[in-house]
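Please read all numbers here as calculations on a predicted model, not as lab measurements. By convention in this document, chain letters (A, B, ...) are assigned in the order of the sequence lines, proteins followed by strands, and residues within each chain are numbered from 1.
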Number of protein chains: 2
Amino acid sequence: MKARAHDRASLPDLAQRLRGKSRRLTGQRQAILRILAARRGPMSSKDLFASLDKGDCDLATIYRSLHLLEGLGLVKRFDFGDGVARYELVTCAEHEHHHHLVCVRCAVVVELEDCFAPELEEKIGQRNGFKSVTHKLEFFGVCPRCQ
Amino acid sequence: MKARAHDRASLPDLAQRLRGKSRRLTGQRQAILRILAARRGPMSSKDLFASLDKGDCDLATIYRSLHLLEGLGLVKRFDFGDGVARYELVTCAEHEHHHHLVCVRCAVVVELEDCFAPELEEKIGQRNGFKSVTHKLEFFGVCPRCQ
DNA sequence: ATCGCTGCAAAAATTTTGCAGGTAA
DNA sequence: TTACCTGCAAAATTTTTGCAGCGAT
């Protein structure tokens with residue numbers, strides 16, 4: 001598996017975080033992150049597999065890598081309700097938490113900048129005695145082209 | 001498939017809505033709705049299958065029925081991010097839209113009454129040129145018992 | 001040289017579909 | 001009777017896992 005010189009600036013950080021957990025920076029993982037970095041939007045394992053150069057990486061490795069990277073906080077999992085998990089690269093802290101606007105016809109995804117619910121987490125947590133409350137919020141509609 | 005006398009008040013309404021689309025009120029569908037009405041919380045197809053009396057209904061029928069009922073607006077689909085679709089009975093209009101607070105340890109689900117995002121739909125739709133915007137919002141945390 | 005990682009293939013889990021017979025209206 | 005519906009089984013999808021060899025450190 002060939003190494004790539006043109007990988008993103010986040011890779012040093014990645015190497016750091018992998019080392020911290022005795023995980024290895026392999027060509028496959030670099031390739032996966034490269035694709036995710038180029039797309040910026042949520043991708044399924046299948047999307048990733050199709051985008052990779054043939055032979056770069058096995059589909060099983062993609063699943064294993066995404067689980068690992070999710071655990072390390074380098075990618076985030078999203079569910080749009082179609083039974084397919086999608087993952088997005090977490091590039092910087094302020095970009096870490098955000099939401100999507102998904103077209104129900106063509107599945108195009110718009111990344112939304114703002115998050116509107118953080119103050120609710122605290123309130124809802126207190127009201128129900130829950131700790132460490134997070135949330136997932138996605139919007140769905142018909143995009144301009146599909147109308 | 002035996003009919004049941006003790007079915008909920010929503011059943012006449014159900015029959016009405018089924019007839020409106022040339023759909024039939026079968027024993028299986030009644031059984032599914034009965035279980036969903038008793039639980040009130042989100043259930044997976046497997047949960048439903050386990051709760052039904054043995055022989056009441058095939059698993060494939062559950063999938064088909066849930067799709068049908070979802071299309072009729074009688075049940076609503078929720079996704080908690082574990083790759084398993086869950087469905088909840090829609091009993092009345094004001095109960096139709098709501099959210100959940102899910103324990104990440106034991107998966108207990110608290111039904112939340114309020115919805116906090118409706119005004120956002122309009123704003124986000126306009127801003128991005130989307131029509132018919134809806135949203136899905138779920139909260140996750142650690143429940144009192146699991147802390 | 002380790003110990004983790006990957007490919008391959010098989011398995012598991014979830015959901016969909018074809019078809020022949022059964023049933024609500 | 002006539003569509004629609006169901007059970008059964010097979011298939012399609014998505015994800016996980018076992019294992020032997022490979023590779024990053």
Side-chain N,O (His67(A)) to OP1/OP2 (dT15(D)) below 4.0 Å: no

In this structure, how many angstroms lie between the P atom of dA11(D) and the CG atom of Leu59(B), rounded? 18 Å

DNA chain D-proximal residues of residues 45-52 of chain B, any heavy atom under 4.0 Å: none

Grab the CD-P distance between Glu70(B) and dT15(C) for me, whole Å please. 12 Å

Below 4.0 Å: OP1/OP2 of dG23(D) and any side-chain N or O of Thr26(A): no

Protein-nucleotide distance (Asp58(B), atom CG; dC5(D), atom P), rounded to Å: 16 Å

Parallel, tilted or perpendicular, judged at 30° and 60°: which one describes the rings of Phe78(B) and His98(B)? tilted

Taking atom types as modelled, is there a side-chain donor on Glu138(B) or His99(B) under 3.5 Å from an acceptor on the other? no

Give a yes/no answer on whether the side chain of Tyr63(A) brings an N or O atom under 4.0 Å of OP1 or OP2 in dT16(D). no

To the nearest 10 degrees, how far apart in direction are the end axes of the helix from dA1(C)-dT25(D) to dA25(C)-dT1(D), each fit to five base pairs? 40°

Could you state the atom-to-atom distance from CD of Gln30(A) to C1' of dT25(D) in whole Å? 14 Å

Between P on dC5(D) and CG on Leu68(B), what's the gap in Å once rounded to a whole number? 7 Å

Distance check: side-chain N/O of Gln28(B) vs OP1/OP2 of dT23(C), anything under 4.0 Å? no

Any idea how Phe80(A) and Phe140(A) line up, ring-wise: parallel (<30°), tilted (30 to 60°), or perpendicular (>60°)? perpendicular

Using whole Å, report how far OH of Tyr87(A) lies from P of dT14(D). 14 Å

Output yes when at least one side-chain N/O atom of Thr61(A) is less than 4.0 Å from OP1 or OP2 of dG7(C), else no. yes

In whole Å, what is the span from the CG atom of Leu18(B) to the P atom of dC4(D)? 13 Å

Students often get this wrong, so: under 4.0 angstrom with heavy atoms, is Ala85(B) touching a base, only sugar-phosphate, or nothing? sugar-phosphate

Quick one: which protein N/O atoms are closer than 3.5 Å to N/O atoms of nucleotides 2-4 of chain C? Pair and distance per line, please.
| unit_1 | atom_1 | unit_2 | atom_2 | d |
| --- | --- | --- | --- | --- |
| dC3(C) | O2 | Arg24(A) | NH1 | 2.8 |
| dC3(C) | O2 | Arg24(A) | NH2 | 3.0 |
| dG4(C) | O4' | Arg24(A) | NH1 | 3.3 |

Answer yes or no: is there an ion pair linking Lys136(B) with Asp79(B), defined by an N-O contact shorter than 4.0 Å? yes

Under-4.0 Å salt bridge between Asp82(B) and Arg77(A): no

Could you state the atom-to-atom distance from CZ of Arg64(B) to P of dT14(C) in whole Å? 19 Å

